[in-house]
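Structure first, commentary second.
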Amino acid sequence: VPFFIVAALALGACKKHEPAPAPEPQSPVSPAAKTAAGQITADYLRAQIAKISSDEFEGRAPATPGDTKARQYIVEQLQDIGFTAGGPDSTWQQSFNVVGITAEMPKQWSFSKGGKKASFKWWDQYIAGSGVQTETGSIKNAEVVFVGYGIQAPEYGWDDFKGQDLKGKVLLMLNNDPDWDPNLFAGNTRLYYGRWDYKYAEAARHGAAGVIIIHTDHSASYPWHVVQSSWTGAQFELPADPAEPRVTLKMWATEDACKKIAALGGKDLDELRRAAGKRDFLPVPLGVKLTAAVKATLTRTRTANVLGKLPGSDKRLADELVVVSAHHDHLGVREGLGPRPSAGGAVGPVRVDVLYNGAQDNASGVAALLDVAEALASLEPRPKRSVLFAAVAAEESGLLGSQYFCEHPTTAPGRIAANLNIDGINIWGRTRDLAFVGLGKSTLDDVVGGVARAAGRTLTGDDRPDKGAFYRSDQFNFAKIGVPAIYLKAGILHPGHDAGWGRELKQKYDNERYHQPSDQIDATWNLDGAVDDVQLMTVALLRVADAPKMPEWHKGDEFEAARARAKAAVGAAK
């Protein structure tokens with residue numbers, strides 16, 4: 001039975017005394033959509049997750065044998081479903097170059113001032129990498145300058161740099177963006193200004209030699225061990241433009257270490273933080289110096305996006321695309337914590353090479369992509385617009401695969417109707433709600449909202465807006481070229497429990513499994529909620545694919561101008 005019928009009956013049974021939601025002027029769930037939704041099953045999802053996250057694919061790090069095997073497996077699945085190759089020149093894979101940078105950092109690094117030193121241990125107190133695509137780089141006697149949030153945002157009347165000359169400096173900066181006032185930036189909703197990649201790029205534009213980001217669990221929205229797992233081992237990038245400004249050193253440090261750096265400079269970090277919360281903040285030179293040789297091993301190799309296409313059935317709309325994306329990569333084999341050998345008197349875990357299988361992140365998203373693909377392939381007639389299923393590469397390295405696709409799209413951006421991105425699915429059971437990351441940004445609100453109401457579910461915004469999730473997964477690159485996006489996350493209202501219980505489940509995953517070797521599928525996974533969510537995604541996708549008009553950003557949205565440029569370019573090309 002289609003989940004929309006089951007959900008509606010269940011809702012009627014438990015909400016007899018509540019007013020019914022306003023009826024849809026036209027049912028958002030067509031017979032074809034119900035048929036497609038009925039193809040989504042927990043057994044299929046579980047089997048694909050177990051396969052893609054298995055040791056056979058070695059954690060799917062970019063440009064590794066496991067990456068190659070995983071991509072070929074996805075190609076075979078799409079071929080079996082009946083898709084056609086969607087890549088350049090009718091190929092299944094859109095290959096691109098990547099540069100792998102494995103930094104060789106000293107076990108201890110020292111900052112100095114006036115004959116005094118503060119030294120910090122790699123792994124425990126700092127994690128750093130090279131910001132340049134060369135085997136060597138150096139920072140010589142560079143002064144550390146506290147620059148608050150490291151943000152220059154004229155639309156908010158905010159400038160942490162105030163025109164000061166920061167060339168050759170090492171910038172100490174806070175994570176996140178100002179979050180205490182809903183009228184300043186977006187309150188507790190993290191914007192791109194709060195992301196580490198923005199901060200590194202902004203520092204480079206100001207000529208800085210390096211950046212130290214102050215880590216706290218709250219400001220990063222994840223624990224220190226995520227920094228350890230994510231920022232060690234090979235770090236992949238697209239080949240750099242020689243004219244692109246870059247910092248030599250990208251560094252994260254614990255809050256305790258940063259307090260000691262500030263104290264060496266005669267300052268109190270908490271006082272500096274308070275000063276940084278005002279528009280009149282000025283950068284604070286600390287007089288603390290850093291000299292460092294940055295060494296790295298470079299590899300230049302290739303990875304690829306897997307692209308499979310379901311041609312549209314409508315002659316007028318078939319040249320337009322809806323893109324379904326899910327990243328196929330994870331962290332591969334890299335350093336982590338493992339059991340200490342029994343010999344010897346030492347106790348506690350040790351750092352060893354371990355396999356990061358990435359079951360929830362993002363074997364589950366690829367499994368959902370394949371399940372939706374199979375559901376759509378079963379329809380006759382097929383969707384009016386063409387649908388491109390893109391298993392993109394190197395998301396964990398900075399959204400590289402989707403960036404490359406959006407810089408080299410197979411269809412002009414002005415003809416891409418929307419993106420449905422799947423980055424992790426619900427592994428905790430059914431929920432009455434569903435989170436739409438980016439709710440309020442585009443007319444897709446109405447599409448997804450209508451489908452959710454038909455399923456008897458409540459559509460909410462992101463329950464953790466402080467994470468800045470919209471800017472952390474592949475839909476961000478589609479948005480930058482003007483394409484509105486659907487990015488759905490698990491709800492928190494589980495039957496029989498309050499919202500706090502649901503939040504605790506997700507927080508427990510973040511604390512214990514996110515970017516950790518423990519992200520593996522096991523018997524505790526309950527995929528009933530995933531089925532509901534993926535069915536809903538399927539129906540929403542079909543509504544977009546069959547709609548007479550493409551979705552649009554709401555007036556004044558940050559990506560509205562990009563959409564206008566993309567559509568104008570298509571019009572000019574006719």
Side-chain angles (χ1 to χ4, degrees), residues 2 30-52 57 68-95 304-328 362-393 401 405 409-411 415-422 425 530-531 534-547:
S30 66
K34 290 180 181 179
T35 298
Q39 307 301 309
I40 308 299
T41 68
D43 287 345
Y44 182 92
L45 291 172
R46 184 175 292 275
Q48 289 288 6
I49 295 167
K51 175 70 174 181
I52 297 166
F57 298 124
T68 303
K69 291 178 187 177
R71 286 188 272 119
Q72 185 56 41
Y73 175 76
I74 297 167
V75 168
E76 291 168 359
Q77 296 302 296
L78 290 171
Q79 286 176 322
D80 288 347
I81 291 168
F83 275 51
T84 60
D89 302 319
S90 298
T91 58
W92 281 97
Q93 300 192 45
Q94 182 187 43
S95 298
N305 301 320
V306 177
L307 304 177
K309 187 175 181 180
L310 188 69
S313 61
D314 185 279
K315 291 182 179 179
R316 184 177 67 87
L317 297 178
D319 65 343
E320 296 179 358
L321 279 184
V322 182
V323 180
V324 182
S325 58
H327 72 89
H328 61 69
N362 188 37
S364 71
V366 177
L369 178 147
L370 293 173
D371 211 357
V372 175
E374 187 161 335
L376 264 60
S378 70
L379 296 178
E380 188 59 47
R382 289 178 172 176
K384 293 181 179 180
R385 286 186 176 85
S386 298
V387 183
L388 184 74
F389 285 78
V392 295
F405 176 86
T410 56
T411 296
R415 291 194 179 95
I416 302 178
N419 167 233
L420 167 62
N421 186 45
I422 313 173
I425 62 175
V531 171
V534 178
Q535 287 178 329
L536 193 149
M537 292 177 196
T538 304
V539 176
L541 169 65
L542 284 168
R543 285 196 70 186
V544 174
D546 290 340

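Every value quoted in this text rests on a predicted model; they were computed, and no experiment measured them.
- Expressed to the nearest 0.5 Å, how far CD1 of Ile52 lies from CG of Leu370 amounts to 5.5 Å.
- No side-chain heavy atom of Leu420 sits less than 4.5 Å from a side-chain heavy atom of Val323.
- When side chains are defined from C-beta on, Val387 does not count as touching Leu321, because their heavy atoms never get closer than 4.5 Å.
- Not counting sequence neighbours, the partners of His327 by the side chain to side chain donor-acceptor pair (under 3.5 Å) test are Asp329, Asp361, Glu395, Asp423.
- At a threshold of 4.5 Å between non-hydrogen side-chain atoms, the residues Leu388 and Val322 do not count as touching.
- Looking only at distances, no side-chain donor or acceptor of Ser386 sits under 3.5 Å from a matching main-chain atom of Pro311.
- Between Ile74 and Phe389 the shortest side-chain heavy-atom distance does not fall below 4.5 Å.
- In this structure, OG in Ser313 is found 11.5 Å from NZ in Lys315, a value given to the nearest 0.5 Å.
- Taking OG1 from Thr41 and CD from Gln535, the interatomic distance works out to 9.5 Å, rounded to the nearest 0.5 Å.
- Taking every heavy atom of both residues into account, Asp319 and Thr411 meet most closely at O-CG2, 3.7 Å.
- Residues Ala373 and Phe83 come closest through the heavy atom pair O-CE1, 3.5 Å.
- Looking only at side-chain heavy atoms (C-beta outward), Gln39 and Glu374 stay at 4.5 Å or farther from each other.
- Proximity of a side-chain donor or acceptor of Thr84 to a complementary backbone N or O of Lys309 within less than 3.5 Å is detected.
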Validation: residues 44-51 side-chain donor-acceptor distances under 3.5 Å, sequence neighbours left out:
{"unit_1": "Tyr44", "atom_1": "OH", "unit_2": "Gln48", "atom_2": "NE2", "d": "3.2"}
{"unit_1": "Arg46", "atom_1": "NH2", "unit_2": "Trp525", "atom_2": "O", "d": "2.7"}
{"unit_1": "Gln48", "atom_1": "OE1", "unit_2": "Tyr73", "atom_2": "OH", "d": "2.7"}
{"unit_1": "Gln48", "atom_1": "NE2", "unit_2": "Gln77", "atom_2": "OE1", "d": "3.0"}
{"unit_1": "Lys51", "atom_1": "NZ", "unit_2": "Glu56", "atom_2": "OE1", "d": "2.9"}

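- The two residues Leu369 and Ala391 make their nearest non-hydrogen contact at CD1-N, 4.4 Å.
- Contact of the Asn362 side chain with the His328 side chain is not registered, since no non-hydrogen atoms from C-beta on lie closer than 4.5 Å.
- Leu376 places a side-chain heavy atom less than 4.5 Å from the side chain of Leu541.
- Taking all atoms of both residues into account, the shortest heavy-atom contact from Ala393 to Ala304 is CB-O, 3.3 Å.
- Between the side chains of Asn419 and Ser325, at least one donor-acceptor pair of N or O atoms lies under 3.5 Å.
- At a threshold of 4.0 Å, the pair Asp546-Arg385 does not count as salt-bridged, since none of the basic side-chain nitrogens sits closer than that to a carboxylate oxygen.
- For the pair Ile422 and Val534, the minimum side-chain heavy-atom distance is 4.5 Å or more.
- Across all non-hydrogen atoms, the minimal contact from Leu379 to Arg382 is O-CG, 3.4 Å.
- Asp314 places a side-chain N or O within 3.5 Å of a backbone atom of Arg316 that can act as its donor or acceptor partner.
- Of all the heavy atoms in Asn305 and Val392, the pair that sits closest is OD1-CA, 3.2 Å.
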